[in-house]
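Values reported hereafter were calculated over all heavy atoms of this structure, with side chains retained and with hydrogens, waters and symmetry mates removed. Small disclaimer: the values here were computed from a predicted structure and weren't measured.
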Protein chains: 2
Amino acid sequence: MRPTSEELAVWRLLHRAQVQIAGRLEDDLMKAHDLPLASYEVLLRLSEAPGLRLRMNDLAHRVLLSRSGLTRLVDRLQREGLVSREACESDARGLYAVLTAQGKARVEEATPVYLRGIRRHFLDLLDPDDVGRCREMLAKLGVV
Amino acid sequence: MRPTSEELAVWRLLHRAQVQIAGRLEDDLMKAHDLPLASYEVLLRLSEAPGLRLRMNDLAHRVLLSRSGLTRLVDRLQREGLVSREACESDARGLYAVLTAQGKARVEEATPVYLRGIRRHFLDLLDPDDVGRCREMLAKLGVV
DNA sequence: CCGCAGTAGATGCACACGCAACGTTCTAAG
DNA sequence: CTTAGAACGTTGCGTGTGCATCTACTGCGG
């Protein structure tokens, strides 16, 4: 069945909302810490990972980048000293991206801005129940 | 107040869902009609507009592109004969992007694929009430 | 009528990203 | 053990996009 124009509009608004929120988060991070959102997300994922390290492939999927895209991004972060690459003993094909001390400091610096942004540009705009509803809907969408 | 990790996850999933759905729509359109999603969206907006025309600036905002980005995209579409540019009499600075007959045919061809994609990759995955809820939440997010 | 800030669209430039291809390494089937 | 196929990360290449800037035009205030 063809989507109604309202259903269509919902998809458009979803796209718009995502772009709008991401844009504001990026603006905040850039102004406050000169850190692009994509870079921050890589650092954040690493900071959450055991051993502050993640395989390149795994990391790429988590931050929604292609493997080649992540290669270049990690190149940049490595040049800034925020991340290093380490071999993986269990698989000689593999590499770990590892958060350096400097990278850890940087991500801890930036995190309050990021969290405040999510609060202000997203969560605060919704009613309390909405977050749970939203989570359920997203689960239905099969997004892991 | 700091977002909880669940609240954080909701933002991540939202991002992921948007990227996933847009990716599938683009795949569908590319396979079936060799038409990138961004191009389709420009054509669709024009096909919805009175006189099949929209000012460049206006169109740029609607499809979430910068003015320069839209300039290039319309260049491409014009080269393919899907869109033409026409002067605006009321404002000599302005240009209309106008859907050509060929562009109209193309968008009508591709629309079933697009609509089916939104149905299958998005709406079908939700329960009936969710769409309305979703629309309300998006309205709260201040997205026009 | 003039001047000046603001807006529309185009362009030079830089850059981030994806795809295809490549070398290396792992894994499974024989 | 050998070999075919897949997986990992990187690289060359093409391309789509944004920012800053430019020109042309508008419209407001003096």
Side-chain angles (χ1 to χ4, degrees), chain A residues 15-16 18-20 22-27 29-31 34-43 45-46 53-80 82-98, chain B residues 15 18-20 22-27 29-31 34-43 46 53-80 82-98:
Chain A
H15 185 184
R16 235 186 161 65
Q18 195 280 320
V19 170
Q20 183 183 88
R24 288 173 183 175
L25 286 176
E26 170 127 29
D27 287 347
L29 283 170
M30 286 298 288
K31 281 197 204 314
D34 195 39
L35 196 62
L37 181 56
S39 299
Y40 173 76
E41 272 171 354
V42 163
L43 300 180
R45 296 292 186 156
L46 291 176
R53 71 191 54 222
L54 243 21
R55 291 284 296 271
M56 291 293 287
N57 205 357
D58 186 5
L59 185 52
H61 284 100
R62 295 193 200 218
V63 300
L64 302 175
L65 248 55
S66 67
R67 285 201 307 273
S68 63
L70 183 68
T71 293
R72 323 295 178 122
L73 178 47
V74 168
D75 286 346
R76 276 171 264 149
L77 294 174
Q78 192 167 19
R79 242 174 276 131
E80 294 185 62
L82 305 177
V83 159
S84 65
R85 279 181 232 244
E86 289 187 19
C88 171
E89 320 88 39
S90 64
D91 186 341
R93 294 168 302 181
L95 278 184
Y96 285 110
V98 186
Chain B
H15 185 184
Q18 195 279 319
V19 170
Q20 184 182 88
R24 290 173 182 175
L25 287 177
E26 170 126 30
D27 287 348
L29 283 170
M30 285 299 286
K31 281 196 204 312
D34 194 40
L35 197 61
L37 182 54
S39 299
Y40 174 76
E41 270 171 356
V42 163
L43 299 180
L46 291 177
R53 69 193 53 222
L54 242 21
R55 289 286 296 270
M56 292 292 287
N57 205 358
D58 186 3
L59 185 52
H61 283 100
R62 295 192 200 217
V63 299
L64 302 174
L65 248 55
S66 67
R67 284 202 306 275
S68 63
L70 182 69
T71 292
R72 321 299 177 118
L73 178 47
V74 168
D75 286 347
R76 278 171 264 147
L77 295 173
Q78 193 166 19
R79 243 175 276 132
E80 295 185 60
L82 305 177
V83 159
S84 65
R85 281 179 230 244
E86 289 187 19
C88 172
E89 320 87 39
S90 64
D91 185 342
R93 294 168 302 181
L95 280 184
Y96 285 109
V98 186

A/Arg72 CZ to D/dC13 P, in whole Å, measures 11 Å
Return the value, rounded to whole Å, for the distance between atom CG of B/Leu37 and atom P of D/dG16. 14 Å
Testing the basics here: between A/Arg16 and B/His61, what is the closest heavy-atom pair and its distance to 0.1 Å? NH2-O, 3.1 Å
When rounded to whole Å, the CG to P distance for the pair B/Leu59 and D/dT17 reads 13 Å
Over how many whole Å does the gap from B/Asp75 atom CG to D/dT15 atom C1' extend? 14 Å
Give one of base, sugar-phosphate or nothing for B/Asp91, where a contact means two heavy atoms less than 4.0 Å apart. sugar-phosphate
Nearest to the side chain of B/Ser68 - D/dG12, D/dG18, D/dG9? D/dG18
Rounded to the Å, how far apart are A/Leu65 CG and D/dC8 P? 16 Å
Could you state the interatomic distance from CZ (B/Arg76) to CZ (B/Arg72), rounded to the nearest 0.5 Å? 9.0 Å
Got B/Leu70 and B/Arg67 here, is their nearest side-chain heavy-atom distance under 4.5 Å? no
Measure the distance from CG on A/Leu70 to C1' on D/dT11 and round it to the nearest whole Å. 15 Å
Whole-Å distance separating the CG atom of A/Asp58 from the P atom of D/dG9: 9 Å
Here the distance between atom C1' of D/dG16 and atom CE of B/Met30, to the nearest Å, is 13 Å
So, under a plain 3.5 Å distance rule, would you say the side chain of B/Ser66 forms a donor-acceptor pair with the base of D/dC19? no
Are B/Pro36 and B/Leu29 packed together at the side-chain level, in the sense that at least one heavy-atom pair is separated by less than 4.5 angstrom? no
Between the base of D/dA7 and the side chain of A/Arg93, is there any donor-acceptor pair under 3.5 Å? yes
So, is B/Arg76 near the phosphate of D/dT17, with a side-chain N or O under 4.0 Å from OP1 or OP2? yes
Note, A/Arg55 side chain near A/Tyr96 side chain (heavy atom, < 4.5 Å): yes
Identify the 5'-most and 3'-most nucleotides of DNA chain C with at least one atom closer than 4.0 Å to a non-hydrogen atom of chain B. C/dG6 to C/dC13
Does A/Arg67 have a side-chain nitrogen or oxygen under 4.0 Å from the phosphate oxygens OP1 or OP2 of D/dT10? no
A/Arg55 side chain near D/dG9 phosphate (N/O to OP1/OP2, under 4.0 Å): yes
Look up atom CG in A/Leu35 and atom CG in A/Leu82, then write down how far apart they are to the nearest 0.5 Å. 7.5 Å
For B/Ser66 and B/Ala60, work out which heavy atoms get closest and say how close. O-CB, 4.0 Å
